[in-house]
Structures are given as structure tokens and as C-alpha cells.
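Notes for the one structure printed next.
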Amino acid sequence: MANTPHGGILKDLVARDEKISAELKEESHSLPGIVLTERQLCDLELITNGGFSPLEGFMNERDYTSVVETLRLADGALFPIPITLDVSRETVERLSMVPGARITLRDPRDDEPLAIFTVEDVYTPDRVKEAINVYGADDPAHPSVSYLRNRVQDLYIGGKVQAIQPPSHFDYVALRYTPSELRSHFKKLSWRKVVAFQTRNPMHRAHRELTVRAARQRQANVLIHPVVGLTKPGDVDHYTRVRVYEAIMAKYPNGMGHLALLPLAMRMAGPREAVWHAIIRKNYGATHFIVGRDHAGPGKNSQGKDFYGPYDAQDLVTQYHDELQIEMVPFQQMTYLPSTDEYQPVDEVPKGVQTLDISGTELRRRLRTGAPIPDWFSYDAVVKVLRESYPPRNKQGFVLLLTGLHNSGKDNIAKALQVTLNQQGGRSVSLLLGETVRQELSSELGFSAEDRHLNAQRIAFVAAELTRAGAAVIAAPIAPHERSREAVKDIVLQSGGAGANFFLVHVATPLAHCEKSDRRGLYAKARRGEIKGFTGVDDVYETPEKADITVDVTKQSISEIVHSILLLLETNALL
Ligand SMILES: Nc1ncnc2c1ncn2[C@@H]1O[C@H](COP(=O)(O)OS(=O)(=O)O)[C@@H](OP(=O)(O)O)[C@H]1O
């Protein structure tokens, strides 16, 4: 038997409105619409599937103020996190959002109408109070306070929603359960007690041991219920995590555990968030809920101290225990005992018995360097998934941007490097010579500063896509402007995936040499005025301010230069 939903009734608005969804959809086409943010989309999904029961919409001013001040809705029901729909003043005016107005809420990914919202009120939130009461401090080091200050729009609109359809998902569809679906699943399997485990991190053996132990002690089953909506910036992406969870489910005793994904936008609100998580798990039918040490903690504040005490979350959940009607299971820190090859709660290990642990930082280091991760810590299948997503440096992609004057030798260095890297093997090597790019990608561009910048950005786009797939990219445009070279670096580092690396090589061969040895005669043509705006003749080449390495073919042979670039890669552990 699944647990009773919070407030007694599961507010499955999708099921409630199913009979009129076709009419609602028809109506939505003629209504003004707003495109939701990613966070609002996650919130709407949980409002309409019943995960946020007893909510039936976004909070009006009375509920919002009451939640911020007392952790309760205006009718007294416990609900610790404000669920609000923020819009700009301009939108409120443009769409005439007055009480009674109906508005279509649209999916930001495909513009599909998801719900119709009826405006109850429009109000100005007290952001400072919201930050202090909900997150504990008006400190922008807290990701939700920073979000509140920088991303949240001026006004909140309160009101109920009618569901047209749930947001569509194309990833891990079979693992996405609504509260009703999960409840049916528990019923089908005759699960009476279910211990839910919240996580936003990859799971290893210690997590498996602690959840199995929690379930055995209570003769319950386990629901692994990870968040795949929005988590803390910098977390492991959910694609990787779900593959990890799938791998670890196979390690549970037969029939004990079930994996379901939760499309929640976390707020990292520590104690209040733990109470909220308990309510959500109750709505999904769980009878027990594991609350961690520093549960949903955002890390350090701007003074370098933790935002919340390690047990604040457990204390607050305990405080509301009677109302919550879900049993809190305090997270037990598990540690490995090599002498008996088993895990035990840290506080139950007899004095003098050796224990082993690997910290998160150490694990990341081992993944980065390819160092072994022992069997006692994790499972081969889990490590394999993590290694695929976080390849060690010698498998990561990189971009070498060779910049220099025409005929500076950059093309010859690039080609020689390509051959040398191909000889080493292990990565596919791509060469983006200036002239090739001009022919294949930028044939309509000229040599104005703007066109050169655009050309550089196209190179960066291609290079980032290739590095993300683990390739070595050698790009050799003239790239005469600092701004363009910086742009290439930014694009590669931002879009090139977790392990993108960028190096700037300045081929600083003096102009006189470039010109004298130019067998194609381009400099001569430029001097005669037959080519206008030629770099080094009548157009500027800005010397790079921060090259990783500077080379010059009048001082070194091509093979010496290639060797020094290989040493640069070697020093960075990329070879
Ligand atoms: N006005 C002018 N200035 C500079 N270069 C010129 C110009 N017109 C044509 N070319 C030839 O175009 C080749 C490719 O230039 P790039 O795309 O590398 O230049 S840039 O990075 O966009 O500045 C470049 O060849 P490489 O230096 O061999 O790549 C030049 O030969």
C-alpha cells in the first residue's frame, strides 16, 4: 500500500483534466501565452502530475507569504518551498494579466501548450525576505539566491492550472514515473513499505549498502528516486548518472529495489528542502525517506562556512514528523572494513578496526588521471560509465590554435603535427588549415575585421564539436585579432565538453622572412595593391598577449617546433 498523499488527495491534474484536454488545447491556441523557463517547466510537471500535492497551481500572494514566513500554505498545510511563476512587468502589461485572465503555459523546448493558467493575482515578491527565510541568508553564494537575484523576473503571478498534457521526454522514458504510475507499480508488486532514496550524485557501493540496510531493518523495499530536473550547477549530468543508476540497480537483491526518475528543480534549500523532498516522496507513495547529512546543502557561503549545519535537515524533518506522515530514515555514513570485506555504519565500527574511504575529490582525481578505482569502492559497470563520460586526460580532446602571418610556416607545422599525432594513435586528428576553412566553410566571407571574426567563430564551432568527441584539432588560420582568438578559446572551453583543452601557439616568424620566402607571391601582390587589406602589409596582426608557446621557423626547424608542441601536450598529461 502506497502512503497517503500530502493533504489526503493526489492532485493528479493530468488525470483530472483528461476529459477536457482536447477543448483546453483548442482554447490554448487563442490565448496569450508565456514560454516557461527550465525551472518553471520542472515545477509545472510536478504540479500537474501530483508530485507537489496539495498544490493545484502556482502560489498566490497569500500562500507565498505564508510559506515564506511559516512553511505553511494559507490554509495551514505544511509546504516549505514557494512555488511561484515569475514574469516580467512588460509581459504582465503586454498580455493584460489581470485577475481572471487565461494564459497558455508553453514548453520552452518545443513550444507545445502544456497548461492553461487562470490569473488570481499579480504581486511583487520580497526577494530579500524570501532569500533569508527560505535559503537562510541573502547571500549570492547560494545558487538559489543568485537565481533569485539575477534570473527571477520582477513579478509573480498566482493562480490554478488546468493540464493539457505533460511535458514530453525523449530520454529514459521508461524510467519516468508519475506519482500515480509509481503507486500502481507498488500496488502491483504488493510493496507495503518503501524507503525512498533522494540523490543528485552517482551512486557507489556505500550507497547500495546503506539503502539495502535501511530497507532490511524495516522489512521494506527501496525506491531509488534521483533528481533529473535541475540540480546544483557543476553536478554530473543526468545522462551519465542515470546510466550509473541503471548499472547499480542490477546489484540489489532480486526484487528489492526500483529506479524512478524525478523531474524536480532542486533549490538546494537544506532543511526546508528536506521537508519538501519528504512531501514529494510521500506523494509518490513512499512510506520512508532517507534524509542525508547536510541534505540538499549548497556548500559554502561567501564567508567560507556551510550554509546549514550537518543535521539541520534531519532536525526539521523530525520537527514536522507527525504532520508529514512519512518515516524519516537518517542517512548512515557507511565505511569499508577491509579485514572482513564489508560495509558498516561509521559509528558502529569497533575501535582500532581499519576502514577505507575514497572522497569525492579523490574519486574525481582518479577519473581525471585514469588511476584505478578499487572494487570495494564501486562496481566495474559504474566505473565504466563514469570513465566514458569523464575520460582521463590522455583520452580528452584538445584544440591547438596556430596563429601567425601568411607563410609563417604554420601550415607546415600543422601538417607535421598531424602526422606525428597520427603516428601516436589513440585519437582522431583533424586539421583545419586557413585556406581549407575559407574554401569549405567560409567561401562567402572576405577579410574585413568582422568577416575574419566570423571565420574564427566557425572554426571554433567545428573544433568544439570535434574535441567533445575526443579528437585532436589543429587549426591554423591567420587569426590576426586578439578578440577572435579569445572567442575561439571561450567557445572551445564552454562547448567542447567536460574535458576540452585549448592551447594557443603563436607562429612568430618575422614578416620579412614570411615575405621573402613567399613562393605564391601574395605579399608581392599585396605590395602592388592587387590584394587589399593583406595581413602584415596593410592590415594589422595583433601579437598574442598570452600564447601557450611561441615558435619561429627562422630559429627552429619544423621538427624541433613539433617536438616542443608535443612536450606542451605531454606536460598537460594529454599524451
Ligand atoms: N586580405 C587578406 N589577408 C590575409 N590573408 C588573405 C587575404 N586575402 C587572401 N588571403 C589568403 O587567405 C588565406 C586564409 O586566411 P585566414 O582565413 O587564415 O585569415 S583570417 O584568419 O580570417 O584572418 C590566407 O592563407 P594562409 O595564410 O596560408 O592560411 C591568405 O593566403
Side-chain angles (χ1 to χ4, degrees), residues 399-419 429-467 472-492 502-554 556-558 561-562 565:
V399 175
L400 285 163
L401 179 66
L402 273 59
T403 169
L405 293 169
H406 168 62
N407 200 40
S408 55
K410 61 185 167 58
D411 287 15
N412 287 344
I413 299 168
K415 288 182 209 158
L417 251 176
Q418 182 191 31
V419 170
V429 186
S430 294
L431 196 55
L432 300 174
L433 293 179
E435 282 202 324
T436 321
V437 172
R438 286 278 173 178
Q439 268 169 29
E440 303 297 332
L441 286 179
S442 297
S443 55
E444 89 290 12
L445 295 184
F447 289 87
S448 66
E450 266 326 296
D451 279 6
R452 288 180 197 258
H453 187 63
L454 199 53
N455 187 46
Q457 284 175 303
R458 290 179 186 175
I459 292 173
F461 169 75
V462 175
E465 291 298 310
L466 290 166
T467 32
V473 183
I474 308 162
I478 296 174
H481 302 125
E482 189 70 11
R483 147 175 113 101
S484 305
R485 296 187 293 252
E486 282 295 313
V488 176
K489 179 177 180 176
D490 289 349
I491 293 169
V492 167
F502 175 89
F503 302 96
L504 185 67
V505 180
H506 178 201
V507 184
T509 308
L511 174 65
H513 180 87
C514 299
E515 194 161 354
K516 195 171 69 194
S517 60
D518 179 21
R519 294 192 35 234
R520 284 172 58 201
L522 291 185
Y523 284 102
K525 279 191 183 166
R527 294 282 176 208
R528 291 197 299 269
E530 290 164 25
I531 306 176
K532 295 268 184 289
F534 197 81
T535 310
V537 176
D538 55 352
D539 206 3
V540 65
Y541 179 84
E542 297 168 5
T543 304
E545 285 167 19
K546 295 183 293 237
D548 292 285
I549 183 168
T550 301
V551 299
D552 176 344
V553 298
T554 62
Q556 299 153 286
S557 68
I558 297 285
I561 291 174
V562 167
I565 296 172

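One-based numbering, in listed order, for ligands and for the atoms of each.
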Give the single entry among Leu522, Thr535, Thr403 that approaches atom 4 (C) of ligand 1 most closely by any heavy atom.
-> Thr535
Ligand 1 atoms in contact with Asp411 (distance to a heavy atom under 4.0 Å) = 28 (O)
For Ile531 and ligand 1, does the shortest N/O to N/O distance drop below 3.5 Å?
-> no
Residue Glu444 excluded, over 12 heavy atoms near CD under 6.0 Å | yes
His406 N/O to ligand 1 N/O under 3.5 Å | yes
Sub-3.5 Å donor-acceptor pair from the side chain of Arg452 to the main-chain atoms of Pro480, do we have one?
-> no
From the list Leu431, Leu433, Ile413, side-chain contact (heavy atoms from CB on, under 4.5 Å) partner of Gln418 resolves to Leu431
Can you tell me which residue and heavy atom of the protein come closest to atom 12 (O) of ligand 1, and the distance to 0.1 Å?
-> Phe447 CZ, 3.2 Å
For Lys410, take its heavy atoms, then give the atoms of ligand 1 lying under 4.0 Å from any of them.
-> 26 (P), 27 (O), 29 (O)
Before giving the answer on side-chain contact (heavy atoms from CB on, under 4.5 Å), spell out for Arg520 and Asn407 the whole-Å C-alpha distance, their side-chain angles and the decisive distance to 0.1 Å.
-> CA-CA 9 Å; Arg520 284 172 58 201; Asn407 200 40; over 6 Å; no
Starting from atom 23 (O) of ligand 1, find the nearest protein heavy-atom neighbour and note its residue, name and distance.
-> Arg452 NH1, 2.7 Å
Report the part of Leu433 (side chain from C-beta onward, or backbone N, CA, C, O) that has a heavy atom under 4.0 Å from ligand 1; answer both or neither where that applies.
-> neither
Backbone N or O of His406 within a donor-acceptor pair of the Tyr523 side chain at under 3.5 Å?
-> yes
Mode of Phe534 contact toward ligand 1 - side chain, backbone, both, neither (heavy atoms, under 4.0 Å) = both
So does Arg485 pair up with Glu482, basic N to acidic O under 4.0 Å?
-> yes
Is it the case that His453 and Ser484 place a side-chain donor and acceptor less than 3.5 Å from each other?
-> yes
Here the atoms of ligand 1 under 4.0 Å from any heavy atom belonging to Pro480 are 21 (O), 23 (O)
Close aromatic pair by centroid cut-off 6.0 Å: Tyr541 and His506 = yes
Shortest heavy-atom approach to atom 1 (N) of ligand 1 - which of Pro477, Gly533, Ser408 | Gly533
Is Ser517 reaching over with its side chain to a backbone N or O of His513, donor-acceptor style, under 3.5 angstrom?
-> yes
Distance (rounded to the nearest 0.5 Å) between Ile459 CD1 and Leu432 CG = 6.5 Å
Which of the numbered atoms in ligand 1 are below 4.0 angstrom from a heavy atom of Asn455?
-> 17 (O), 22 (O)
Would one find an N or O of Ile478, backbone or side chain, under 3.5 Å from an N or O of ligand 1?
-> yes
Within 45° of the axis and under 6.0 Å from the centre of the six-membered ring of Phe534, does NZ or CZ of Arg527 qualify?
-> no
What protein heavy atom is closest to atom 21 (O) of ligand 1, reported as residue, atom name and distance in Å?
-> Ala479 N, 2.8 Å
Using a 4.0 Å heavy-atom cut-off, say whether Arg438 meets ligand 1 through its side chain, its backbone, both or neither.
-> side chain
heavy-atom search around atom 13 (C) of ligand 1 in the protein gives Glu435 CG, 3.9 Å
Quick note on ligand 1: atoms under 4.0 Å from a heavy atom of Lys532 include exactly 1 (N)
Examine ligand 1 and decide if any of its atoms is less than 4.0 Å from a heavy atom belonging to Asp539.
-> no
